Amino acid sequence: MVKTKTISFLKYNRFEFGKQVVSQFVVFECKWLFSIIFFYFHKSTESQDRFHTHAFNAWSVKLFGEYDEHILDDETTGEYHIVRRKKILVYFPRDSYHRIANSNGCMTILFSGPWKKYWKEYVNGEIIDYTWGREK
């Protein structure tokens with residue numbers, strides 16, 4: 001396993017975003033080039049506790065399972081709509097807020113492009129800006 005602030009290779013992570021548990025296996029990540037990462041969204045009827053954007057544009061390939069994706073429509077009101085992830089191939093633009101919910105145990109592989117220097121989370125009506133390494 002190799003991990004620096006900008007490069008990771010064969011690294012496992014486990015995250016809890018509220019009551020939604022996510023396992024991540026980084027095959028390769030070089031933030032100024034591209035990334036290949038497997039995600040497993042553990043079975044849960046709950047949603048992640050925050051909306052987030054990404055520092056990159058990405059394509060996601062669903063290997064099995066489904067989840068609901070909550071897509072934030074308005075940063076002021078917090079209004080969002082829900083799409084059930086049934087499609088095998090989905091594009092995620094870097095500036096689109098979303099969160100995962102109601103997973104029946106879903107595995108995806110994400111192919112991302114180069115990272116920009118920042119990304120955002122929307123938590124309880126507040127926007128938080130981050131840079132690499134989740135630094136505010």
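Basis for what follows: all heavy atoms, side chains included, without hydrogens, waters or symmetry-related copies. Quick caveat: nothing in here was measured; it's all calculated off a predicted structure.
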Asker: Got Ile109 and Ile36 here, is their nearest side-chain heavy-atom distance under 4.5 Å?
Answerer: yes
Asker: Does Arg85 make a cation-pi contact with Phe41 (under 6.0 Å, within 45 degrees of the axis)?
Answerer: no
Asker: Using 0.5 Å steps for rounding, measure from the OG atom of Ser44 to the CG atom of Asn102.
Answerer: 8.0 Å
Asker: Should Leu89 and Val83 be counted in the same cluster of Ile, Leu, Val, Met, Phe, Trp and Tyr side chains packed under 4.5 Å apart?
Answerer: no
Asker: Could you measure the distance from the CD atom of Glu46 to the OG atom of Ser103? Nearest 0.5 Å is fine.
Answerer: 12.0 Å
Asker: Return yes if some donor-acceptor pair links the side-chain N/O of Thr77 with the main-chain N/O of Glu79 below 3.5 Å, else return no.
Answerer: yes
Asker: When the ring planes of His70 and Tyr80 are compared, do they come out parallel, tilted or perpendicular, using 30° and 60° as the limits?
Answerer: parallel
Asker: Where is the tightest heavy-atom contact between Tyr67 and Ile100, given as atom of each residue plus distance?
Answerer: CE1-CD1, 3.4 Å
Asker: Hey, does the Lys NZ or Arg CZ of Arg14 hover above the aromatic six-ring of Tyr40, less than 6.0 Å from the centre and inside 45° of the axis?
Answerer: no
Asker: Do Lys62 side-chain atoms and Lys86 backbone N/O form a donor-acceptor pair below 3.5 Å?
Answerer: yes
Asker: Could you grab the distance from atom CG of Asn13 to atom OG of Ser8, nearest 0.5 Å is fine?
Answerer: 7.5 Å
Asker: Same cluster or not: Val26 versus Leu110, using hydrophobic residues (I, L, V, M, F, W, Y) connected whenever any side-chain heavy atoms lie under 4.5 Å apart?
Answerer: yes
Asker: Does the pair Leu10 and Phe25 meet the rule for a side chain to side chain contact (heavy atoms under 4.5 Å, CB included), with working shown?
Answerer: CA-CA 7 Å; Leu10 301 179; Phe25 181 71; 3.7 Å; yes
Asker: Can you hop from Val22 to Phe51 via hydrophobic side chains spaced under 4.5 Å?
Answerer: no
Asker: Applying side chain to side chain contact (heavy atoms under 4.5 Å, CB included), run through Ile71 and His81 and close with a yes or a no.
Answerer: CA-CA 5 Å; Ile71 301 169; His81 68 279; 3.6 Å; yes
Asker: Which heavy-atom pair separates Cys30 from Ser35 by the least distance, and what is that distance?
Answerer: N-OG, 4.2 Å
Asker: Under the side chain to side chain contact (heavy atoms under 4.5 Å, CB included) criterion, do Leu63 and Phe38 qualify, and how do the steps go?
Answerer: CA-CA 10 Å; Leu63 303 175; Phe38 285 91; 3.7 Å; yes
Asker: Is it true that a side-chain atom of Gln20 and a backbone atom of Ala101 form a donor plus acceptor pair closer than 3.5 Å?
Answerer: no
Asker: Between the main-chain N or O of Arg94 and the side-chain N or O of Asn57, is there a donor-acceptor pair closer than 3.5 Å?
Answerer: yes
Asker: Can Arg84 and Asp68 be counted as an ion pair, charged N to O under 4.0 angstrom?
Answerer: yes
Asker: So, taking the atom named OG in Ser60 and the one named CD in Glu69, what distance separates them when rounded to the nearest 0.5 Å?
Answerer: 9.0 Å
Asker: So do the side chains of Thr131 and Lys117 get within less than 4.5 Å of each other, counting heavy atoms only?
Answerer: no
Asker: Would you say the side chains of Tyr130 and Glu121 form a donor-acceptor pair under 3.5 Å?
Answerer: yes
Asker: Under 4.5 Å between side-chain heavy atoms, counting indirect links through other Ile/Leu/Val/Met/Phe/Trp/Tyr residues: same cluster for Phe92 and Tyr122 or not?
Answerer: no
Asker: Could you please spell out the steps behind the ring-ring contact (aromatic ring centres under 6.0 Å, His included) verdict for His98 and His52?
Answerer: CA-CA 6 Å; His98 71 140; His52 63 277; 4.5 Å; yes
Asker: Out of Tyr91, Phe34, Phe111, which one pairs with Trp59 under the ring-ring contact (aromatic ring centres under 6.0 Å, His included) rule?
Answerer: Tyr91
Asker: Linking I/L/V/M/F/W/Y whenever their side-chain heavy atoms sit closer than 4.5 Å, directly or via other members, would Phe56 and Phe15 fall into one cluster?
Answerer: yes
Asker: Could you tell me whether the side chain of Tyr97 reaches within less than 4.5 Å of the side chain of Asp74, counting heavy atoms only?
Answerer: no
Asker: Quick check: closest heavy atoms across Ser23 and His42, and the distance to 0.1 Å?
Answerer: OG-NE2, 2.7 Å
Asker: Indicate yes or no for a side-chain donor-acceptor contact from Thr53 to the backbone of Lys120 under 3.5 Å, with no hydrogens or angles considered.
Answerer: yes
Asker: Start with the C-alpha distance between Ile128 and Arg50, add both sets of side-chain angles, then the distance that settles side chain to side chain contact (heavy atoms under 4.5 Å, CB included), and finish with yes or no.
Answerer: CA-CA 11 Å; Ile128 304 166; Arg50 68 199 78 178; over 6 Å; no
